[in-house]
Participant: 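Can you read through this structure? Questions will come right after.
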Amino acid sequence: MAGLCAARLQSERMETLEGKAAVVTGGTRGIGRAISERLLREGAAVAICGRTAESTARAVQEMRPLGSIVGWAADVSKSGDVRAFFRAVDQAFSRLDILVNNAGVGIFRKVGEMTPEEWQRVIDLNLNGAFYCAHEALARFGANGGFIVNLSSLAARNAFSGGAAYNASKAGLNLLSEGIMLDHRYDRVRVCDIMPGSVDTDFSGESRKAVNSAWKIAPADVAEIVAAVLRMPERTMVSRVEMRPSRPQK
């Protein structure tokens, strides 16, 4: 009986992230920074990219006490930058197990006021960039498979005025996630969309000091969900998580 109970406990045990290697795009600040810190605390080695070499180097230096971390400047909307970034990851790590597509941009204008260049920037970074990174990661996961987490948004389902480009990019990201899952689930690849509502960052350009933001989701809360999803037993895939502030402003 004791042996049976021990076997059952073993079968129900969550996976560990200890010794795994992860890429987090946009990992220098906000949600990406919180996810990077959480993965480091879980024992994973983490590679981040950021907009500039200076900001990336500073973030790496600040997070280094938490574990094994490296970083490079890369614009994930450019396929050449993504290829160079993943080649650098190859040199730093002997494996890749996790990709967190977090890098993104929001340009919020009405359709008639948005320039084609602004539209293209949002789609290129939020959607095309996720594809470029997923394409590189899938080539590296190997026989043990891997996990892709895409940071989407409730805006993928709930359109709002001034958000057409952002809404479209995140809705497309959700369908990209589903396509990757259907194409590669038998390659032992799992995929999850994390869809938060209002998060307490400066992503929208709104000054955090100018408004009361205590009601919003904290970046650490998103990181907690990402870690929980990644630790699920291999037999289970959490394919989508919606997150909302529990008590939004009335």
Participant: If you measure from the Lys or Arg side-chain nitrogens to the Asp or Glu carboxylate oxygens, is any gap between K216 and D221 under 4.0 Å?
Facilitator: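 Here K216 does not pair with D221 in a salt bridge, since their nearest N and O are not under 4.0 Å apart.
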Participant: Can you measure from CZ (F85) to CG (D90) and round to the nearest 0.5 angstrom?
Facilitator: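 Reported value, rounded in 0.5 Å steps: 10.5 Å.
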Participant: So L99 and F86, do their side chains get closer than 4.5 Å, heavy atoms only?
Facilitator: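 In contact.
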Participant: Find out whether V199 and M243 are in side-chain contact, i.e. whether some heavy atom of one side chain is under 4.5 Å from a heavy atom of the other.
Facilitator: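 Result no, sub-4.5 Å side-chain heavy-atom pair not found.
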Participant: Test of understanding: with salt bridge (Lys or Arg N to Asp or Glu O under 4.0 Å), list the residues that count as partners of D183, not counting sequence neighbours.
Facilitator: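 Result, salt bridge (Lys or Arg N to Asp or Glu O under 4.0 Å) vs D183: none returned.
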Participant: How about Y132 and D81: do any of their side-chain heavy atoms sit closer than 4.5 Å?
Facilitator: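 In short, these two side chains do not touch, never coming nearer than 4.5 Å.
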Participant: Indicate, with yes or no, if L125 and L173 share a hydrophobic cluster defined by side-chain heavy-atom contacts under 4.5 Å among Ile, Leu, Val, Met, Phe, Trp and Tyr.
Facilitator: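 Same hydrophobic cluster.
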Participant: May I ask you to check whether over 12 heavy atoms, not counting those of E54, lie within 6.0 Å of atom CD?
Facilitator: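 Counting other residues, nucleotides and ligands, CD of E54 stays at 12 neighbours or fewer.
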Participant: When rounded to the nearest 0.5 angstrom, what is the spacing between CD1 in I148 and CE in M181?
Facilitator: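 Rounded to the nearest 0.5 Å, the CD1-CE separation comes out at 12.0 Å.
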Participant: Looking at OG of S36 and CD of E62, how far apart are the two atoms once the value is rounded to the nearest 0.5 Å?
Facilitator: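 These two atoms lie 12.0 Å from each other.
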Participant: Identify, with sequence neighbours excluded, every residue that meets salt bridge (Lys or Arg N to Asp or Glu O under 4.0 Å) alongside R64.
Facilitator: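 R64 satisfies salt bridge (Lys or Arg N to Asp or Glu O under 4.0 Å) with no residue once adjacent residues are dropped.
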Participant: Taking the side chain from N167 and the backbone from A155, do they hold a donor-acceptor pair closer than 3.5 Å?
Facilitator: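 Between the backbone of A155 and the side chain of N167 there is a qualifying donor-acceptor contact (under 3.5 Å).
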Participant: Is E42 salt-bridged to R38, going by a charged N under 4.0 Å from an acidic O?
Facilitator: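 Result for this pair is yes, salt bridge flagged.
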Participant: Taking the six-membered ring for Trp, are F108 and Y166 parallel (under 30°), tilted (30 to 60°) or perpendicular (over 60°)?
Facilitator: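 Rings of F108 and Y166: perpendicular, over 60°.
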Participant: Go through the structure and list residues passing side-chain hydrogen bond (donor to acceptor under 3.5 Å, both in side chains) with N102, not counting sequence neighbours.
Facilitator: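 Counting only residues at least two positions away or on another chain, N102 forms no side-chain hydrogen bond (donor to acceptor under 3.5 Å, both in side chains).
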Participant: From L138 CG over to D187 CG, what is the distance, rounded to the nearest 0.5 angstrom?
Facilitator: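 Rounded to the nearest 0.5 Å, the CG-CG separation comes out at 8.0 Å.
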Participant: Is any side-chain heavy atom of R51 closer than 4.5 Å to one of R29?
Facilitator: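 Yes, close enough: below the 4.5 Å cut-off.
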Participant: Give the intermediate values and the outcome of side-chain hydrogen bond (donor to acceptor under 3.5 Å, both in side chains) for residues N126 and S169.
Facilitator: CA-CA 6 Å; N126 296 0; S169 70; 3.1 Å; yes
Participant: Quick one: do R83 and E136 make a salt bridge, cutoff under 4.0 Å?
Facilitator: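 Looking at E136 together with R83, the answer is no, because their closest N to O distance does not fall below 4.0 Å.
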Participant: With a 3.5 Å distance limit and no angle check, can you tell me whether E15 reaches the backbone of E234 through a side-chain donor-acceptor pair?
Facilitator: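 Pair found, side chain donor or acceptor close to backbone of E234.
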Participant: I'd like to know whether D75 forms a side-chain hydrogen bond (donor to acceptor under 3.5 Å, both in side chains) with S77, so could you lay out the CA-CA distance, the side-chain angles of the two residues, the decisive distance to 0.1 Å, and finally the verdict.
Facilitator: CA-CA 5 Å; D75 181 349; S77 70; 2.6 Å; yes
